[in-house]
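Note on naming: letters A, B, ... go to the chains in the order of the sequence lines (proteins, then strands), and numbering restarts at 1 for each one.
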Protein chains: 2
Amino acid sequence: MFRTAELGRKVAKDDFDAAASALRIEILELQQKLRQADFATVIVFAGVDGAGKNQTINLMNEWMDPRWIATRAYSQPSDEERERPEFWRYWRDLPQRGRIGLFLRSWYSSPVLDAAYRRIAPAELDARLDRIAAFENALAADGTLIVKFWLHLSHKAQKRRLKSLAKDPHESWRVTEADWQHWRMYDQFVAAAEQTIIRTGLGHAPWTIVEGEDPRYRELTVMTTFRDAALRHLELRALSRNNREALLGNGGGTSSLAPHAAGDSVTDPAAAAIRVLNQSQPSILDALNMTKAADKATAEAEEPRLTARLNHLYRAAKEHGLTSVLVFEGWDAAGKGGTIRRITAAMDARDYQVIPIAAPTDEERAQHYLWRFWRHLTRAGRVTIFDRSWYGRVLVERVENLATQEEWRRAYAEINHFEQQLIDHGIVLVKFWMNITKDEQLARFERRQAIPWKRWKLTEEDWRNREKWDLYAEAVNDMIEKTSTRLAPWTLVEANCKRFARLRVLETVCETLETALAHSAELAKTRRKARRKGGG
Amino acid sequence: MFRTAELGRKVAKDDFDAAASALRIEILELQQKLRQADFATVIVFAGVDGAGKNQTINLMNEWMDPRWIATRAYSQPSDEERERPEFWRYWRDLPQRGRIGLFLRSWYSSPVLDAAYRRIAPAELDARLDRIAAFENALAADGTLIVKFWLHLSHKAQKRRLKSLAKDPHESWRVTEADWQHWRMYDQFVAAAEQTIIRTGLGHAPWTIVEGEDPRYRELTVMTTFRDAALRHLELRALSRNNREALLGNGGGTSSLAPHAAGDSVTDPAAAAIRVLNQSQPSILDALNMTKAADKATAEAEEPRLTARLNHLYRAAKEHGLTSVLVFEGWDAAGKGGTIRRITAAMDARDYQVIPIAAPTDEERAQHYLWRFWRHLTRAGRVTIFDRSWYGRVLVERVENLATQEEWRRAYAEINHFEQQLIDHGIVLVKFWMNITKDEQLARFERRQAIPWKRWKLTEEDWRNREKWDLYAEAVNDMIEKTSTRLAPWTLVEANCKRFARLRVLETVCETLETALAHSAELAKTRRKARRKGGG
């Protein structure tokens, strides 16, 4: 989940200055629009110590008119506060319609701390996060714009940051013993953070994870995210105010809104500059070492060995009733089909099914978009391989404008919830993103075109998709950020070399199955022991 | 919560026939509209054994074209089903867009049974209900119309029903030993049902509690509720489809919908007849014995005694840091003010505050409607008395069309959630509905008009509200159905006799405080014991 925020994204000073001067004006104008609006804005800052939460809040107050902004930071509840229900102090401080509230060490602070310090169990954390979700839900239903930033640093970057702060005589007061203590508990914090972000990152109150190390990158990301969310919300509220009037019978029913108000903003110079800036940032895919390769000799030695190992493991899984679901996503021509055939070669045809996902059938279109994946879940012990999957919702449907922003944003939570149910049921879930570079794709397209019996594989659509490479890369990055969880991580496969990719996939499937089998054997042993102890 | 479904509501055969013949045609036409619609309809039946779930489902299939309806009933999961995640079988059976699915012994069945049999703790029930809410939420977000009926019988009525079924040779097969077992566990089932309805009765998937004893009343209620929900949903979807097109940039933005499509239906003869029929049903208020009175001698003896008792109790509560919140709602001229003065007479002015709730101030209007109630929560040990309250949302705002149907329907869950937070914090919450008859109100209005120094109390608005008596009665009935919970019950006060009402209120406040104090003393004792045991 946080790998996308450990890429070392940076913005040069000149680039920042050029973008910021225009953006600042835009943000200030936006604040004026928000002042006229019939909703309040709540911005939450959370994340790793030292990732720049305070500085970002200071910047927001600097860029905007602070008279209409209230900044709230919370520490241990006072006597006054302890005598009221937990959320009283947050309700009290909510901004009015037209105002902006910046919240630091907010309602997220104590659940995350308690979980990281293991003072509460994961189930108790869930229960507390649900109360938060209900709180935010009530605000969102009332029209409030909620924007949440999780500022992240890698373990190493946090150490660097704390050290450099401690050295600076003007800043050293910022670094406390608690910060170092938290740094040592980094993994526990990350686990609590992940659970928090998944559970409360609902469509109406989404989290944006921001890499915190480079201040210019961080500030630009926070500001543009806020800008985009606010413009979108103004547009949505105009539509829903209209509906509301119609429902109350006060006339209305036609939109007074210029269409594409949010879209328009892209054409103004500041927005365009920043978009380019953001797109030139490394995505999670750029961090892959795409030169990885396997030579022919290695592959010829390894592949039969891995195939045999997989055959052995899949039969053991079948015997134990352990079901597997393998998901393949990737660029066009990334070699999904060939890789899948290497896997199925290790299995008996009765025991697996390959589900190629193209445009939905009529019957599928008549259902919820997840329905067609639910229907393909198999009986215990089988293997289901999805060639493309439910992730189409946040990839092709997003890029091709087949789903609204609300629909695909909501989908991350829906997908996490769906996969959670698979995992809770004991299903082994493995997700692959087959990655190739843009050049390698071109080479493969051209090779296909040259070979008569492969030409059918290449369609007009493939060329069209290729033109949208950057938009897809952005969508893939977001997908990995939001759906690569500890229990259902994405495996990113460097697939410029097909041999390497196949070995990597075979190996990953084998290892995952091995771990799952060991885990299930251990469970069975514990149960047997419990039965013997029970005397029955 | 279920008291509103134990009123013995009935429909005479002639009335039923007159209404049903027109309603049947309307429902059939409605099904045709739903077939063209871009959403599916899910209708869930749950409730007490013998309350007529099967018969209602049969009727729905009879009244509509069964080719476009699928009826699903579930028992223990099969091997096939157990090998997949719990919700797989429900996903599989979801109706397509344009179709209707009737669900019996659905996803609610096993959580409620497990809770009633005490196989799971309340917290575990909550967790399972949250999974259901997430499932229904995903469907609703996709546009699905969800209508849920909880068919209810009182303990006595269930016994009568099971006996009469058992006697009938054609029906006796319906009654099993399990039914009788459940009847003996009635209270456990009611507790589980209440938790279920509160936790899952969200705005997009509301429950309707239906009194099940009289088949004609039950059938008419289910059919009209379904009709109203479907018409409303068709209207909402037309608006949101419009928005969606606008957001996707496919043109749109103006409503193709005739305004007030749902409202219009009220003017057609069937709807009008049924509305009258439903409105002539006893509401929970009609079930009150409004002749209750206290003579002057009793009141003069009792009131000082109760005042002294309240004084003693409120001081004990203050000492223990026990906070109280008293809510007064009621008809205009029902005597709220005078009753509140009797309570405050027992207390020191520093220790209580009376909050009269009228139209919100500008500052309050600029916030979520619950904000102004949060802000009035006091420090520990104080008493806050609300003269009118957050229930305005589902009373005056509903009746006067100041909130949309979506807004006030959503409010029941929001209010329950708000009150739950008060209770979880240990606050003593007492809610009074001061009830007078329509005649008594008229008499009081006329008396006020006659007395010069009381005339100011009577406004034009009072007369206008009086004209909407039936609409208010319906709103009060719904409010009590949806917000009178075991932990935060409504006390309905027969207030035609002011003396009686005041004694009743004083007594209720005293009793509630007494119970809470005893409970808190017990808690403190347990804690002391635990400390001693802990050796510290």
Of the options B:Thr378, B:Ile427, B:Val428, which is the one that meets B:Val325 in a side-chain contact (heavy atoms from CB on, under 4.5 Å)?
B:Ile427

Checking [X] side chain against [Y] main chain: does a donor-acceptor pair fall under 3.5 Å?
| X | Y | answer |
| --- | --- | --- |
| B:His376 | B:Ile355 | no |
| A:Ser324 | A:Val383 | no |
| A:Arg84 | B:Leu377 | yes |

Could you tell me which residues in residues 407-415 of chain B have at least one non-hydrogen atom under 4.5 Å from a non-hydrogen atom of chain A, sorted by residue number?
B:Glu407, B:Arg410, B:Glu414

Just checking, is any N or O donor in the side chain of [X] or [Y] under 3.5 Å from an acceptor N or O on the other one?
| X | Y | value |
| --- | --- | --- |
| A:Trp107 | A:Glu136 | yes |
| B:Asn416 | B:Gln420 | no |
| A:Arg128 | A:Ser110 | yes |

Worked verdict on B:Leu125 versus B:Arg199 for side chain to side chain contact (heavy atoms under 4.5 Å, CB included):
CA-CA 10 Å; B:Leu125 177 59; B:Arg199 194 98 182 168; over 6 Å; no

Tell me, for [X] versus chain A, whether the close heavy atoms (under 4.5 Å) come from the side chain, the backbone, both or neither.
| X | result |
| --- | --- |
| B:Arg82 | backbone |
| B:Phe418 | neither |
| B:Asp79 | both |

Count the heavy-atom pairs under 4.5 Å between each of [options] and chain B, then report the option with the highest count.
| options | value |
| --- | --- |
| A:Gln96, A:Arg379, A:Glu86, A:Gln405 | A:Arg379 |
| A:Ala403, A:Gly426, A:Ala366, A:Ala134 | A:Ala366 |
| A:Pro95, A:Ala123, A:Gly321 | A:Pro95 |

With heavy-atom distances below 4.5 Å as the criterion, would you say the side chains of B:Arg92 and A:Trp374 are in contact?
no

Does the side chain of A:Tyr352 come within less than 4.5 Å of A:Thr384's, by heavy atoms?
no

Relative to chain B, which segment of [X] carries a heavy atom at a distance below 4.5 Å: side chain, backbone, both, or neither?
| X | result |
| --- | --- |
| A:Leu402 | backbone |
| A:Asp126 | neither |
| A:Phe39 | neither |
| A:His368 | both |

Between B:Ala141, B:Ala40, B:Ala127, B:Gly143, which has the largest tally of heavy atom pairs under 4.5 Å with chain A?
B:Ala141

Partner chain A: residue of B:Pro85, B:Gly98, B:Ala380 with the largest heavy-atom pair count (under 4.5 Å)
B:Pro85

Show your working on side chain to side chain contact (heavy atoms under 4.5 Å, CB included) between A:Trp91 and B:Arg375 and close with a plain yes or no.
CA-CA 7 Å; A:Trp91 274 95; B:Arg375 74 191 294 205; over 6 Å; no

Using the six-membered ring of A:Tyr369, assess whether NZ or CZ of A:Arg393 lies under 6.0 Å from its centre and within 45 degrees of the ring axis.
yes

